[in-house]
Amino acid sequence: MRLSNLFGSTLREIPAEAQMTSHQLLLRAGMIRQVATGIYAYLPLGWRVLHKIEDILRDEMNAVGGQEMRMPSAQPAELWQETGRYSEAGPVLASFRDRAQRELVLGITHEEVVTYLARREIHSYRQLPFVVYQIQTKFRDEPRSRGGLIRAREFTMKDAYSFHVDQADLDGYYPRMYRAYESSFRRCGVEAVAVEANPGLMGGAASHEFMALNDGGEDTLILCDQCGYAANAESAVTRREEKPGDSERPLEEVATPGTTTIEDVASFLGITPRQTLKAIFYVAEGKLAFVVIRGDLEVNETKLASLLKVSDLRLAEQQEVEEAGIVAGYASPIDQAGKVKVVADESVNWGSNFVAGANKAGYHLCNVNHPRDFEVDVLGDIAAVQDGDPCLRCGGRLQAARGIELGHIFKLGTRYSELMGATFLDKAGQTRPLVMGCYGIGIGRLMAAVVEQCHDDHGIVWPLSVAPYHFHLIVLGDEAKIVDTAESLYHSLQSKGCEILYDDRNESAGVKFNDADLIGIPFRLTVGSRSLRAGGVEIKRRDAEEDEIVSLQGLEEKVPALVSRST
RNA sequence: CGGGGCGUAGCGCAGCCAGGUAGCGCACUUGUAUGGGGUACAAGUGGUCGGAGGUUCAAAUCCUCUCGCCCCGACCA
């Protein structure tokens, strides 16, 4: 490809809209352009990168038995009503009506469609197991997109679905996919860590997310560097400290004027937040919940939602709290039984003689003890794991880190097949639901993650495996000898199957070098009067400081070895 | 959906407070020189100032509404 003819140009300045490094560099290098919020066009260079990644994923999916196919992005709303996700998904599921007024949705994922297809095609255990996958465009009308390709509304996803006769077969297959994911990210040049995750809207028993460690990432991870425990903070657990408290003392009311936060109360009374109980109010599927947790801990809303078995959970408005007769800032779990649902974190049992609200403005109660003084309707682990907490497995120190979710794999089980009636006859002639797994990778996001991890001050440093081209050929000067050499090198390398971007523009050396650094192709070849005098072509790796001169002949002999490392 | 910010040439911005016929840098076009890290000089092209309405003799500037974009939060398959 001649740079003089390439559609899409580099930008000298950082577009004002871009905050994240990958977003800035992908825009500046002429890889992507935004068309609307969270909706991007891939320009030719970026499209080539996307293709390289797709091909790696295809290779990995094929290796674990995947069959590539393609499902539609426009899907009948009825399929989503069958599983209940039509309403569960909410506004992220964009929909429109066709000319016959039939409602269609834009697929945010494809469990419904693939299960619909399996229901039609699969009748016997003899057809199982099988794995299908596709590389396809999803549209999720996100409440907020951000970071360029990190969180887009329209994006390319590789989604795979496996179907099994029973859970044991799924359990046997799942680790193969897990390893294929590890391999996929490694081959793309991204360091990713697998963490235990919360299945969320997808449902199912187990899931793992593959996260690229990144300070700008959207998820918080909890990692143990001693035993390797790794989990999304949403579902992370920590070792409980079930230390017995002091002997229980009688309840005592104390005046604590103007102290509505845990910090205020603790410093007013000269105690630590650990000796207090705090109250937080949620509305879970329309009903107020009084949540109690030790004052030094935070509520993990994902854990709370799954403990309460609700999908809709939000913090209560002050007005809703007051209407329930609760005094905000001085709320007490005592005497709430029967009035409002009381949910407590296990930490209410990890100590004694706590300070809690008196449910009276300006007063707190000392020596509050569970269960002596208050009852709870639901007790469980709803505490957020914090940096420095002890690891559940080994007692080591857990560390919090930020990450970008690149992929997510799920053991779905029979959730979709049961709801949609996707069954088969087993050996004994029994009708049974298909057991499913699903496995997704956000490809654009993966591309952005590569850039997040592979760049320097000058631009992108593509790993060879996903680089848009292998060689970036620069010609300096317009003397016939120089141009002829560059041209013939361009043609001969191409004829050897090399992917080469040829900067044949009439630009100064500085402009060409800077663009080459920005675009980030692994090998830079320079032909100029200086290189010819030195005996040939200058070759420089994008990730190295030094360059070397090789003869034209020598270069052509060297090329196959350079490129063969691309996977 | 809540909070904050921004829309002026392809990109980055000034001008707005104190209304008076729109500017800078880069990019782009042409020419000359230059030719190994964003080269120099010269001459040019390009904007109904996001949109609509209002105030005014006069609106990029003041007022109202609206659309778009970014960031934080809520949300997140």
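Remember, it's a predicted structure, so these values are computed and weren't measured experimentally. Proteins come first, then strands; the chains are lettered A, B, ... in the order of their sequence lines, and each starts at number 1.
The side chain of I108(A) lies closest to A77(B), out of A77(B), C69(B), G38(B). Each of G12(B), C75(B), G38(B) was ranked by its minimum atom distance to the side chain of E13(A); first place goes to G12(B). With distances taken from any side-chain atom of E405(A) to the nucleotides G37(B), C70(B), A77(B), the minimum falls on A77(B). Considering only side-chain atoms of R12(A), the nucleotide from G35(B), A77(B), A27(B) that sits closest is A27(B). In this structure, the nucleotide among C28(B), A77(B), U39(B) sitting nearest to the side chain of E507(A) is C28(B). Here U39(B) is the nucleotide among G37(B), U39(B), C69(B) with the atom lying nearest to any side-chain atom of V511(A). In the set C75(B), G35(B), G38(B), the nucleotide with an atom closest to the side chain of N506(A) is G35(B).
The nearest heavy atom of RNA chain B to A18(A) and to S529(A) marks one nucleotide each, and the one closer to the 5' end goes with S529(A).
Taking the six-membered ring for Trp and thresholds of 30 and 60 degrees, Y174(A) and Y439(A) have ring planes inclined between 30 and 60 degrees apart. Using a 30° and 60° split on the angle between ring planes, H164(A) and Y173(A) fall in the tilted class, from 30° to 60°.
Regarding contacts with the backbone of G68(B), every side-chain N or O of Q34(A) stays at 4.0 angstrom or more from both OP1 and OP2. Remark: S508(A) is not in phosphate contact with G35(B), judged by side-chain N or O atoms under 4.0 Å from OP1 or OP2.
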### Task
Give the C-alpha distance, both sets of side-chain angles, the deciding distance and a yes or no for ring-ring contact (aromatic ring centres under 6.0 Å, His included) between H208(A) and Y178(A).
CA-CA 8 Å; H208(A) 288 88; Y178(A) 185 106; 5.3 Å; yes
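With respect to the salt-bridge test (charged N to carboxylate O, under 4.0 angstrom), the residues R541(A) and D547(A) do not qualify.
Rounded to whole Å, the P atom of A59(B) lies 11 Å from the corresponding atom of U21(B).
Under 3.5 Å, the side chain of R85(A) and the base of A77(B) form no donor-acceptor pair of N or O atoms.
Applying the Watson-Crick and G-U wobble criteria (two distances, each under 3.5 Å), C24(B) pairs with G12(B). In this structure, G2(B) and C72(B) make a Watson-Crick or G-U wobble pair, each of the two defining distances being under 3.5 angstrom. In this structure G19(B) sits in no base pair that meets the Watson-Crick or G-U test at under 3.5 Å.
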